[in-house]
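Just follow the structure's listing: the first ligand is 1, and inside any ligand the first atom is 1.
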Amino acid sequence: MILKSPEKSPEGILNLFDEIYSQARIFYLLKAALDLNLFEYLSDYRSAEDLAEILGANLILTEYMLKILDELGLVESKIVDGKVYYKNADITNIYLKKDSYYNIINPVYSYFDNIKNWENLVNILKNKENCQNIDVNNFFPNVIKRMADECKCWELQKVLNYIAKYEEFKNAKKLLDLAGGHGLYAIGFSMLNKNLKCYVFDLPKVVEETKKFIEKYDAKNVFTIAGDFYKDDIGEGYDIIFTSYNPGGKNPKIAEKVYNALNKGGLFINKQFFPEREEGIKDYINNMEWNFSKPKGLEKDRLRFTFKGDLNFNDYLKYLENLGFKILEVVDIPELLGFECSGNAKMIIAKKL
Ligand SMILES: C[S@@+](CC[C@H](N)C(=O)[O-])C[C@H]1O[C@@H](n2cnc3c(N)ncnc32)[C@H](O)[C@@H]1O
């Protein structure tokens, strides 16, 4: 055996592990940087010595960490008298510093939480029920805080400004944000149209959080309705029903409820993921993760962001038309945002005839 090579070289296997290991190391380096509040100290240029001292960290490791963060575009460097100084890049100041209104530190930490499931994958794989015993009422109050931080720094403004151009919006008096969670869309709509009364419908424990956002933004024309949209009445007489990333957003029964609750001539604006094809490893990983848990009260289907009873995109549009909607527009969300994001999100704008 010792004199005979195998038929194939180990290059493929070694490179695969090496590449993945490098990415994993960067992942944990970023976690350490955030755990140490490293970016909090780099608003202005500092040397590695200075930073190591502040953090109580090893100098050589701090130097390498800064070089890596520089390569990643999170800090920038300058050399003065042969000495290197580092400070945060602009995007780091905007998104990774605690005092920035737009910081997304909380959503970023969900990566560090979720990776624990992958460390525990054998157990998850062997637990054939794949059940985490949380229910929607306890799960969503945290999810929506993360989603508020995420949407408020780009998607929220893009969507609000897009919808504000509609005459139907300008003339609207009553809007429902169905499964509105944090309520930032409703709050934003109420700022764009001062004559509009906005209602955020969501689960009882979630609307307790919504109320905190309403108070924070001093939104006098935004109100909450606690309920379960599968079982409860969602109200009536709305000129606009908006809904975003709502588990019922591809469900025909919810579409019918929306139709009945809208005034004639009113708009149904539905922003959802329509993941219809699996196109490779990223989709497989995301869909695998989606199947790690099944919170009680959510009938998840196999693909990420899909639920039992959902219609696919084309059938959903046809269903809306059969109900009596005219599809005015379908907006491609990555196009609206100006960058690619996974999940094939679309915003359907339909008018009740
Ligand atoms: C993914 S979050 C979306 C939040 C917000 N619309 C956004 O786009 O950022 C889904 C929302 O649906 C709500 N939800 C889930 N099931 C619900 C139900 N049966 N009745 C009412 N709301 C529900 C959750 O509480 C949560 O606020």
*asked:* How close do Lys98 and Asn103 get, counting heavy atoms only, and between which atoms?
replied: O-ND2, 3.3 Å
*asked:* Using a 4.0 Å cutoff against the non-hydrogen atoms of Gly227, which atoms of ligand 1 qualify?
replied: 20 (N), 21 (C)
*Within the distance-only criterion (no hydrogens, no angle test), does the side chain of Asn193 pair as donor or acceptor with the backbone N or O of Ala172 below 3.5 angstrom?*
yes
_Minimal non-hydrogen separation, Ser43 against Lys97, with atom names_ = OG-NZ, 3.0 Å
*Atoms in ligand 1 flagged as close to Tyr230, the criterion being non-hydrogen separation under 4.0 Å*: 19 (N)
*Tell me which protein heavy atom sits closest to atom 19 (N) of ligand 1, plus the residue, atom name and distance to 0.1 Å.*
Asp228 OD1, 2.9 Å
*Numbered atoms of ligand 1 (with element) below 4.0 Å of His182, judged on heavy atoms*: 5 (C), 7 (C), 9 (O)
*Nearest-contact summary for atom 11 (C) of ligand 1 - protein heavy atom, Å*: Ala179 O, 3.6 Å
*Write out all pairs satisfying ring-ring contact (aromatic ring centres under 6.0 Å, His included) with one or both partners inside residues 13-32, taking only residues at least two apart or from two chains.*
Phe27-Phe112
*Give a yes or no on whether a salt bridge exists between Glu321 and Lys326, defined as a side-chain N under 4.0 angstrom from a carboxylate O.*
no
*Quick one: sort the Phe268 and Phe325 rings into parallel, tilted or perpendicular, breaks at 30° and 60°.*
tilted
*Proximal atoms of ligand 1 relative to Gly181 (non-hydrogen, under 4.0 Å)*: 27 (O)
*Between Phe339 and Trp154, what is the ring plane arrangement, given parallel below 30°, perpendicular above 60°, and tilted in between?*
tilted
*Can you pull out the closest protein heavy atom to atom 25 (O) of ligand 1? Residue, atom name and distance to 0.1 Å, please.*
Asp202 OD1, 2.6 Å
*By the rule that ILVMFWY residues connect when side-chain heavy atoms come within less than 4.5 angstrom, directly or transitively, which residues belong alongside Tyr45?*
Val80, Tyr85
*Which protein heavy atom lies closest to atom 2 (S) of ligand 1, and at what distance to 0.1 Å?*
Met147 SD, 3.5 Å
*Pull out every atom of ligand 1 sitting under 4.0 Å from any heavy atom of Tyr245, numbered as shown with elements.*
1 (C), 2 (S), 3 (C), 8 (O), 10 (C)
*Using a strict 4.0 Å cut-off to heavy atoms of Ile144, name the atoms of ligand 1 that fall inside it.*
26 (C), 27 (O)
*Looking only at heavy atoms of Gly180, does any of them come nearer than 4.0 Å to an atom of ligand 1?*
yes
_Please check if the number of heavy atoms outside Lys8 that lie under 6.0 Å from its NZ is greater than 12._
no
*Among protein heavy atoms, which sits nearest to atom 23 (C) of ligand 1, and what does the distance come to when rounded to 0.1 Å?*
Phe229 CE2, 3.3 Å
*Please work out whether any backbone atom (N, CA, C, O) or any side-chain heavy atom from C-beta onward of Pro247 is under 4.0 Å from ligand 1, and answer side chain, backbone, both or neither.*
side chain
*Contact between Val206 and ligand 1, counting heavy atoms under 4.0 Å?*
yes
_Protein contact to atom 8 (O) of ligand 1 [nearest heavy atom, distance to 0.1 Å]_ = Ser244 OG, 2.5 Å
*Fit a plane to each ring of Phe274 and Tyr316, take the angle between them on a 0 to 90° scale, and name the class: parallel (under 30°), tilted (30 to 60°) or perpendicular (over 60°).*
tilted
